[in-house]
Structure formats: C-alpha cells, structure tokens
Amino acid sequence: MFLTTQRGFCQSGSNNNKPMMIICATENKLHMGFSQMLKSSNFPVKVSSRYQSAASTKASRDPTISDHKEGVKLYVGLPLNSVSECHAINHSRAIAAGLRALKLLGVEGVELPIWWGVSEREAMGKYEWSGYLALVDMIQKSGLKLHVSLCFHACKEESIHLPKWVSEIGESKPDIFFADRSGTRYKDCLSFGVDNLPVFDGKTAIQVYQGFIESFKTFFSPFMGSTITGVTIGLGPDGELRYPSCHDRIKNSVDHGAGEFQCYDENMMSSLKENAENVGNPLGDFTAYGDFFLSWYSTQLVSHADRMLSLASSSFNDTTVKVTGKLPLVPSWYRSRSHPAEVTAGFYNTIYRNGYEEIAKIFCKNSCGMILPGVDMLDEQQPNEVFSSPELLLADIRDACRNHGVEVCGQNLNVASTIKNFEQIKQNLVGENGIELFLYQRMGSDFFSPENFPLFTAFVRSLNQVEVDLDDLGVNDGESVLLVPGKIRKLQAV
C-alpha cells in the first residue's frame, strides 16, 4: 500500500473552499506530490531547489523500505489526546492513515504521550492501560518504533487533567502545588517540595510516580525493546525540568518578562528556611543572600531531576529501552548579564556562572539522554527587545552535555513552516553535532496542512535520500482518503 498527497479545495459538504490535505492510499507507485487541482488553487507551495535536489536523489534501495539503518532516527509525535479519558483511541482511522504515511516516508517511529491523569485517573494504584495498549499494538503492526513520554503533568490545551484523586487531595492540601509570591497556585503538576513527603495517603510523590512506572513496565513488557525503544520521564511542567515561572504565557510564545519564582508553597519555604539556618542565615548581606537563594532554588531543581532520573533508570535498567529527560529552552534575556528568565525557571546560569554543568552531571550519573527542544529556532526570528538567543543557549547546553558525555536528542518547538526552520533543524542534527534521535512535534492538522506537510516530506527525503516524485497527481477511483481541514486543529476521523 502506497501513499500520495494532494492539495486543493474540498468542494462538498460544509467545508467548501477550505484548504485540505488529502492522504490517499493506492496500490500503484509511491508519489508524494500534488493533484492537478493545485494548478487552479490559490495556495502555491514552494520547495527550495536544495530540498528538491535532495528529495529527488535516487537511492540504491527500494524507496518503499523505511528501515532507518544509520544517521538520525526520526520520530514524529502523535496527537496529545490520542487516547481519551474513556480509554478509547481518538481519531483512530486518521492516526492509522498517518502511521502508514510516516512509514512510507522512512520515519523511524512515533512518540506517544501517556498521561498520568488518564491511566491512573480514578484512584491511586488503580491503573487502566487498555486504550494505550490498543494504540501501541496498532503502532507495532504498522512496522514503526515507539518512543513513550510518561507525562506527570496536566495539559490545558487538550483538557487533560491530573488524576482526580490528586486534585481532591490538593483541595485540602494546596501546598502540594507550586505557588508564587502572591499565592497563585500552579495546579498542572506537583511541587518538587512533596517529592519525599508522604502526603498522598502515606506515600510520597516519588513513590506514587514509581508505582505508575512499574505498572507501565509490567503491562507493556511485550513491547519493550522491540517496539518501544525509548521512554522520556516527565520532570515538571509540560514534562520539562523547570519551575512553572511563566505559566501565564501563551504556549510556545516568546515571553517578554522574566517570570516569577515558584517556591512559596509551605514545603518549599520550609526547605529554604532550613537551608538558610544551616549556612548561618545570610539575610544580613543582600548579595550573599541573593547567591544563596538562587543556589538553593536551582539545587531543588537538580535534586528533583536526580530523583526522577534515578527512578526511571533503575526501573528500565534490565531492558534495552533508552531513558531520557527533557530540558526546556529558555532563550529570552540570554544575552543579558543576569539571564533572569532562566534563573526563575530554575537554571542559575548567568554571565559569571554556568548553570547547566550540574544538570548535565545528573543526566550522566543516571545514564540518561537529554532532550533539547528548540532546534528549529533562529536568532533572527526573535524579538530584539528580549535579548533572546536560542542558538547560543542551545550551544551552551550542548557544550555542558558534551563535557559530561550526555547524549543529546533534539526536538522542535513548533511545527516548522519555513524552509529556514527545516534547514536549522538539519544543521542541528548532522555533522559534528551528533544527534541520533530527533522527535518532531506533532501530528495534527498543522502537521498535515498543505503548507507544512510537503516541507516536512522534502526534509525527510533529504535526510534519508529516498526517491520521491514531485509530479502532480490525481485521485483514482477506489482510493481511501484522509481529509484534514486546514483550519481545524485536531485530526479528523474518517
């Protein structure tokens, strides 16, 4: 079964004149191109001659073979809400068609978020994996590999919550959540302050996480090492190792502020007081206290990383599954002396101090890889007023990882929509950079849109050097079609 792509207008139903991406399954020849209707549409797509040349390179192997034997292993993220709270696969037919498309493109596999609030929703220790098991079985049958992300946070974007029993405990014990100086709570993940406190019916947060991980490992053991090749352990907000310092900002947007410190819950404040007393209470010297506070604040982050990575590493040490953790990329104010946005996020990284060395040491200690998002970001696309430099920051973190032998994995921040962003990704993946795993985020209508999917296709072909025809192509009778309306965010079932 091979795929073609088409682009144009849908002329039926309620979607008249809306741009559509059409993925068609045929039994003929592999084409990745556009239909004749493109010629009359108002949505021209341009692919640079550099990508056209790479994409049309003749490969010595059959172009339908997608096994990735060497070079960068490319995984594409599945929709965040792939499995519902009722444990059903959302948009199952659309996902199945997407898996076939990715397989034929030569993609190594897919990344699947597995949510704490879905699988342990009703009661502590009561796990329900049926929806995820069905989806993993589908992925296995597609011939793709799988990288799993264990998500111990909530996601407002998709209305995915923390487990009900956690939220209920939080109503009587609000200090299980982060708080800023004004007392505003961040309720999308647990505070680092409860890692070792038995506030969950006698269990600590680490013990609760451990139960979830062990149950996951038991139920998915038939897929470990064969289909499931990697596991990313959630480390904080959005799965990243950081404080929720800028949680009011629009997701993936550039924040113009420095953010707020998130250590005003009772448990974190008790830790701060205890540490201050242990070092002689440096309140009398503002400069000394500033250094003490920032060191303590970042140390809580590092300690949390150590606990979580150690837990994950020990849980999967008898498998061939690779364990990773994800750092954020906080480029705003990087070109200032104090790096305030990084500092409030938990990274004491200034012009005088490297805040990523200790992080890299912890990843090395636990033999874990580090996922770095933002490999698609360019300095020239950043607003000048926030002194942002994602390129320099990425290089800074990678240097720390290189110093400690930590394998770096890449991830984009946004669905790349320009040739420049794809070229930036490629530059960060190949050559001396040495990235072996790249997680492209994320499957959905943006990904399959007429503007973005052809660029992604050309990008993959340029990496794999697999033959692709760019001829315009028509739809034949009997072909199955997946329609993804360009202005609807979620995948549409067919």
Side-chain angles (χ1 to χ4, degrees), residues 45-55 57 68 71-77 102 105-108 111 238 240 251-255 324 326-335 341-342 356 369-402 406-444 446-449 451-465 468:
V45 174
K46 297 181 179 179
V47 178
S48 73
S49 58
R50 182 183 311 179
Y51 275 164
Q52 287 179 346
S53 175
T57 301
H68 200 125
V72 179
K73 294 181 179 178
L74 177 61
Y75 286 65
V76 174
L102 295 178
L105 278 178
V107 170
E108 177 84 3
E111 177 265 343
D238 295 327
E240 300 173 337
K251 186 174 177 62
N252 292 346
S253 66
V254 176
D255 191 87
T324 55
K326 182 180 174 183
L327 252 65
L329 199 69
V330 190
S332 295
W333 305 103
Y334 180 82
R335 289 189 284 117
E342 290 168 85
Y356 297 101
M370 183 185 294
I371 296 177
L372 291 179
V375 298
D376 57 321
M377 298 178 70
L378 291 158
D379 284 2
E380 66 184 56
Q381 297 173 339
Q382 304 299 301
N384 292 328
E385 61 269 24
V386 294
F387 297 94
S388 177
S389 181
E391 295 179 53
L392 289 177
L393 176 54
L394 191 63
D396 191 3
I397 301 175
R398 292 179 73 155
D399 284 344
C401 290
R402 191 176 295 112
V406 176
E407 181 179 336
V408 172
C409 309
Q411 182 176 310
N412 56 313
L413 193 66
N414 300 296
V415 172
S417 57
T418 70
I419 292 294
K420 276 190 173 183
N421 291 117
F422 276 112
E423 290 176 342
Q424 182 69 6
I425 292 173
K426 190 171 181 179
Q427 181 178 330
N428 277 314
L429 297 183
V430 300
E432 63 181 12
N433 290 323
I435 288 182
E436 295 183 2
L437 173 65
F438 176 53
L439 305 176
Y440 188 87
Q441 303 299 336
R442 175 173 303 277
M443 188 188 290
D446 284 344
F447 176 76
F448 283 117
S449 72
E451 294 79 15
N452 296 328
F453 191 65
L455 296 178
F456 177 79
T457 298
F459 165 72
V460 175
R461 298 300 181 180
S462 74
L463 288 179
N464 291 352
Q465 293 188 340
V468 56

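We use all heavy atoms of the structure for the numbers below, so side chains are in, but hydrogens, waters and symmetry mates are not. The chain is numbered in sequence order, starting from 1. This structure is a prediction, so every number in the text was calculated from the model and none was measured.
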S.K.: With salt bridge (charged side-chain N to carboxylate O under 4.0 Å, His left out) as the rule and sequence neighbours excluded, what pairs involving residues 326-335 come up?
M.R.: Glu240-Lys326

S.K.: Restricting to non-hydrogen atoms, name the atom on Arg398 and the atom on Asn428 that form the minimum distance, rounded to 0.1 Å.
M.R.: NH1-O, 3.2 Å

S.K.: So, applying side chain to side chain contact (heavy atoms under 4.5 Å, CB included) with Leu439, which one of Val375, Val76, Leu74, Ile371 is it?
M.R.: Ile371

S.K.: Give me the atom names and distance for the closest heavy-atom approach of Ser388 to Ser332.
M.R.: OG-N, 3.9 Å

S.K.: What is the minimum heavy-atom distance between Val107 and Tyr75, and which atoms define it?
M.R.: CG1-CA, 4.3 Å

S.K.: Could you tell me which residues satisfy side-chain hydrogen bond (donor to acceptor under 3.5 Å, both in side chains) with Glu407, sequence neighbours excluded, listed by chain and number?
M.R.: Lys322

S.K.: Determine yes or no for a side-chain-to-main-chain donor-acceptor pair under 3.5 angstrom, with Asn421 supplying the side chain and Asp376 the backbone.
M.R.: yes

S.K.: With sequence neighbours excluded, what pairs up with Asp379 under the salt bridge (Lys or Arg N to Asp or Glu O under 4.0 Å) test?
M.R.: none

S.K.: Taking all non-hydrogen atoms of both residues into account, name the closest pair between Cys409 and Thr324 and its distance.
M.R.: SG-CG2, 4.2 Å

S.K.: What are the two closest heavy atoms between Phe448 and Met443, and how far apart are they?
M.R.: CE1-CG, 3.4 Å

S.K.: Which residues pass the side-chain hydrogen bond (donor to acceptor under 3.5 Å, both in side chains) test with Tyr440, not counting sequence neighbours?
M.R.: none

S.K.: Check side-chain hydrogen bond (donor to acceptor under 3.5 Å, both in side chains) between Asn412 and all other residues, then give those that pass, not counting sequence neighbours.
M.R.: none

S.K.: Pick out which of Tyr334, Tyr356, Trp333 makes a side chain to side chain donor-acceptor pair (under 3.5 Å) with Glu342.
M.R.: Tyr356

S.K.: Can you give me the closest heavy-atom contact between Pro390 and Gln382, atom names plus distance?
M.R.: CD-CG, 3.6 Å

S.K.: By salt bridge (Lys or Arg N to Asp or Glu O under 4.0 Å), which residues pair with Arg442, not counting sequence neighbours?
M.R.: Glu111

S.K.: Checking Asp399 now: which residues fulfil side-chain contact (heavy atoms from CB on, under 4.5 Å) with it, not counting sequence neighbours?
M.R.: Arg402

